[in-house]
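No hydrogens, no waters, no symmetry mates; every other heavy atom, side chains included, goes into these values.
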Amino acid sequence: MDNPAAPIVQAGADKDAPLKEDIRLLGRLLGDVLRDQEGDAVFDIVETIRQTAVRFRRDYDPDAGEELATLLHKLTRDQTISVVRAFSYFSHLANIAEDQHHNRRRRAHLLKGSSPRSGSIGYALGKLFEAGIGRETVDEFFRDALISPVLTAHPTEVQRKSILDAEHDIARLLAERDAPQTPKERRRNEQLLHARIATLWQTRMLRYSKLTVADEIENALSYYRITFLREVPALYDDIELEVAEQYGGDGSAAAHASFLQMGSWIGGDRDGNPNVNADTMRHALTRQSTTILDFYLDEVHALGAELSASTLLVKVSPALEQLADASPDASPHRSDEPYRRALIGIYARLAATARELGVGHILRKEVGHAAPYLDPELFAADLEVLADSLRQNHGAMLIQPRLAGLLRAARIFGFHLASLDMRQSSDIHERVLAELFARAGVEADYAGMEEEEKRALILRELEQPRPLFSPYESYGDETNSELAILRAAREIRLRYGPRAIRNYIISHTETVSDLLEVLLLQKETGLMRVSAGVSDAMVIPLFETIPDLQRAAGIMDEWMAIPLVAGIIEKQGRLQEVMLGYSDSNKDGGFLTSNWELYQAELKLVEVFAQRQVKLRLFHGRGGTVGRGGGPSYDAIRAQPPGTVNGQIRLTEQGEIIASKFSNPEIGRRNLELLVAATLEASLMPHHVNGVDAERLQRFESVMAELSNRAYKAYRNLVYETPGFTDYFFEGTPIAEIAELNLGSRPASRKSTRRIEDLRAIPWGFSWGQCRLLLPGWFGFASSVTSWLEDASVGGERDAKLEELRAMYRDWPFFATLLSNMDMVLAKTDLAIASRYAGLVSDAGLRERIFRRISAEHGETIRTLEAITGATERLAGNPLLARSIQNRFAYLDPLNHLQVELIHRRRKLADNADPRVHRGIHLSINGVAAGLRNTG
């Protein structure tokens, strides 16, 4: 794609010249591969499609649209696949180039010695220092904080490891070009890039068999190898240095804390996924443990080669001598090398531990037998012996290259790698307990009882020493499966340590009994010991829909008032977690209302928890899209209501967002730093809103409440009350293809219906992203603002009310972040492309009626946003992102047009059974997602 690359890049500042050069280079090499592999004819087709798509976008030319439709319709099945692959791969290559450019710009900034950039640890600490926040407070934060990104499976981001490895090599080779190279080295670099792009072309991008949970586990673990295993410990190093630089001393609190830990849902989240069971959980922990133990074994082996200090030249500590003497290594060649002997012993113990925990193959056989480590703390203690000896004997500088990172990794990852959450829907728990009660002769109709009766029954049963379950009774498959999962959780905790599983999340929490049910199930399986007042897995409600969010504070107040629960919370360190669902609340009530109700729920929870003197940890169930709580995490955390962070935060990372944030190690480190810096600022900075006093903030919130009510009505009227809207959605987006093309291990819908209420939030939001309408990220805003401005009954002239909205945007971080995220969504929305998808709707009248309504709201949304912010162009405040989005359209638009053509073939023509059509749609879905980067 030689010619296609050049027009993609827009005019910009000179600082973007290297990005343009990289995109041209990768485009040219992909074009060379395309010519070589598929021939000039296919290359010419790709270029013609690109040029026609550009004309359709630039001029909104109906003739160009017809010409494009005709051109695509004439493609043979094999040509279609080649063209889709070409544009999809270019999406991925452009992402690599952009990531490299972000790294380049950051390094340039650091080399200039400029002041710390917003979002860095240095910047956050500097703000705290200027605000008078002392070292003791900062140290306390790092000692007590828990910041946890939680990786979740996503049906649209399931690239194979072969593709990830090739793209990682391309990124590395591209980065090498920034260093001085001789002409010969430059040519060699380009040859290797060409070869890796050719490898990409000849490698199947996606899996085409039904995905399993095991596939999703492996996909997530690849990001640990690429980024987390090294970059998380390295970030601790950075933070320790920044604290010492800002406050003096050695940054020891940050050095010995474990405030940043990884979490996972993959293998433990069974809500709506019948493929997750007890064996799946065991498999997830085995694979996680294998990944971290392989890393430890490699690092210990490398340390053994590096730490060659001889006692003929340097002393060692008595503890190190003792550790060396315990080693199975008896070679006379290493008799004066105690560090090596000690590490050989550590390696032997790790190898024994790995076998004990189910690792099937250890690459390097240990020298001799040794007892396994009973827990990771003992492994870390042995490493600390090495570090202490080096410090005491002129070897402190030898700690940093590898030992320091390994020691941090042992404290962070243990033998479990990441904490695996369990999640299940409340109605499943009710059914399981109903059967247990009935079989035990305790209650024949538990499900039919009133809420107060359920609570009383469960609390009575919790006091009983005997279990409900009997090994001599027969139970249904669902009950047996659920109990087996909880028993497996107990085994896993004993095997891998208490951090392996420590949370149980309840979807669709609507009552206090929903929480009590899980306590009783834990008692039945040994995860709760009533006499000790201990629950091994914290019971965590997930409030998802608008009504759920509105009830959240009341439910938690009642929950914490129960004496038994209060005792459990006391044992948890007076800490209770609550999860908030962004996805379902958006699908339920729309973008504006979802954000407002989440904000309100958080404020009310803070108040309730303060009254109960319990620390609140919020778990934010954010998706990739703005409509599912996506957008920049740094801004989102800093915009949280006062008192909602306090050093405790968990948030989900999923889909193409995982690839976008963590497939490049340097980008991954930066995103992790943003997460820690935002939490640090939100927790410790004095809470004021740019000088906005309480009275003014109350007025802002009053306006927001009014806007939310109006937006809710507008959104609900379109999505749930407009006749035929469900038909429009199922025909005018790729939802059917997403649901049917084996894109994930989880069904797209919770029930076998076409009701939007039953559809999972991921395919709902993702479908709107694929057709470039991104409706969940903006619809309803304009209707609410316009009607509020024109409504004389709420008081004030229109101009004065508009000025109030401008003040809210200027002075209130919550509202500013809301509009900033919507601005980003609108920059990626494209009505011309969306009109092609609308053409898939068979009922012309329905198509015209609904698309006209959506188009009108879209236009009014842009005008309203511009009136409030004063910006007449999208992303005026983020020109780098604006250029990035514009640069993508020339190769992204053709993918959308091709997707429409393929969907038309699949639905209307005889190609429905052709696997090439299915493959093309699958590839186009992946390519569009990669191009937009946060649409899942």
Side-chain angles (χ1 to χ4, degrees), residues 118-120 123-124 145-152 260 263 543 549 578-586 591-603 605-606 616-658 660-662 670-685 687 689-690 704 761 765 774 776-778 781 808-809 812-825 827-828 875 877-878 881 933-936:
S118 175
S120 69
Y123 179 82
L146 176 65
I147 305 166
S148 181
V150 180
L151 304 191
T152 73
L260 178 62
F543 299 109
L549 290 170
V578 174
M579 185 173 184
L580 301 178
Y582 289 67
S583 306
D584 282 281
S585 61
N586 177 274
F591 169 65
L592 195 71
T593 301
S594 171
N595 277 273
W596 175 240
E597 292 295 343
L598 284 159
Y599 180 93
Q600 288 283 89
E602 291 181 41
L603 285 177
L605 285 166
V606 167
L616 168 65
R617 178 167 65 220
L618 286 176
F619 184 6
H620 300 270
R622 293 158 51 90
T625 61
V626 167
R628 298 184 56 233
S633 297
Y634 176 74
D635 292 336
I637 293 170
R638 288 171 64 246
Q640 291 296 303
T644 59
V645 181
N646 292 333
Q648 301 286 324
I649 190 168
R650 295 207 301 151
L651 69 165
T652 53
E653 301 281 11
Q654 55 187 273
E656 65 275 9
I657 296 304
I658 297 176
S660 175
K661 287 185 175 182
F662 302 118
R670 171 63 175 160
N671 277 295
L672 291 168
E673 181 182 17
L674 286 167
L675 183 58
V676 176
T679 307
L680 187 60
E681 288 185 47
S683 300
L684 300 186
M685 280 296 289
H687 286 298
V689 189
N690 294 344
M704 189 65 205
L774 293 96
W778 55 267
F781 176 79
M808 290 167 62
Y809 171 70
W812 190 16
F814 167 78
F815 195 63
T817 300
L818 189 81
L819 297 197
S820 175
N821 285 336
M822 190 170 68
D823 188 26
M824 180 182 67
V825 169
K828 297 180 179 183
L875 296 171
N878 192 342
L881 180 58
R933 299 202 93 166
N934 66 336
T935 64

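- A heavy-atom distance below 4.5 Å is not found between the side chains of I649 and L618.
- Looking only at side-chain heavy atoms (C-beta outward), R650 and I147 stay at 4.5 Å or farther from each other.
- Of all heavy-atom pairs spanning A677 and A124, the tightest one is O-CB, 4.0 Å.
- Contact detail for V645 and A682: the closest heavy-atom pair is CG2-CB, 3.8 Å.
- Residues Y634 and L675 fail the side-chain proximity criterion, which asks for heavy atoms closer than 4.5 Å.
- With rounding to the nearest 0.5 Å, the separation of CD in Q648 from OG1 in T679 is 10.0 Å.
- At least one side-chain heavy atom of E602 sits less than 4.5 Å from a side-chain heavy atom of Q640.
- Here the side chains of L592 and M704 are in contact, with some heavy-atom distance below 4.5 Å.
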Before you tell me yes or no, could you show the steps for F543 and M579 under side-chain contact (heavy atoms from CB on, under 4.5 Å), namely the whole-Å CA-CA distance, both residues' side-chain angles and the distance that decides it to 0.1 Å?
CA-CA 6 Å; F543 299 109; M579 185 173 184; over 6 Å; no

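- Separating the CD atom in E653 from the OG1 atom in T152 is a distance of 8.5 Å, to the nearest 0.5 Å.
- Counting only distance, with no hydrogens or angles, the side chain of S820 and the backbone of A816 share no donor-acceptor pair below 3.5 Å.
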Between L674 and N671, is the side-chain contact (heavy atoms from CB on, under 4.5 Å) condition met? List the steps.
CA-CA 5 Å; L674 286 167; N671 277 295; 4.1 Å; yes

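- In this structure a side-chain-to-backbone donor-acceptor pair under 3.5 Å is missing from S594 to F591.
- No donor-acceptor distance shorter than 3.5 angstrom exists from the side chain of N586 to the backbone of G777, with no hydrogens or angles considered.
- Judged purely by atom type and a 3.5 angstrom limit, T644 uses its side chain to pair as donor or acceptor with the backbone of P641.
- Residues Q600 and L549 fail the side-chain proximity criterion, which asks for heavy atoms closer than 4.5 Å.
- For W596 and Y599, the ring centers sit closer than 6.0 Å to each other.
- To the nearest 0.5 Å, the span separating CG on L651 from OH on Y582 amounts to 8.5 Å.
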With side-chain contact (heavy atoms from CB on, under 4.5 Å) as the criterion, how do L672 and F662 come out once you've worked through the C-alpha distance, each side chain's angles and the decisive distance to 0.1 Å?
CA-CA 9 Å; L672 291 168; F662 302 118; 4.1 Å; yes

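- At least one side-chain heavy atom of E673 sits under 4.5 Å from a side-chain heavy atom of S120.
- At a threshold of 4.5 Å between non-hydrogen side-chain atoms, the residues V578 and F619 do not count as touching.
- For N646 (side chain) and G643 (main-chain N/O), a donor-acceptor pair under 3.5 Å exists by modelled atom type.
- Distance check: L598 CG to L605 CG gives 10.5 Å after rounding to the nearest 0.5 Å.
- With hydrogens and angles ignored, the 3.5 Å screen pairs no side-chain donor or acceptor of D823 with any backbone N or O of L819.
- F814 CZ to N595 CG: the interatomic distance, rounded to the nearest 0.5 Å, is 5.5 Å.
- Summarising the geometry of A639 relative to P813, their closest heavy-atom pair is CB-O, 3.8 Å, with the distance given to 0.1 Å.
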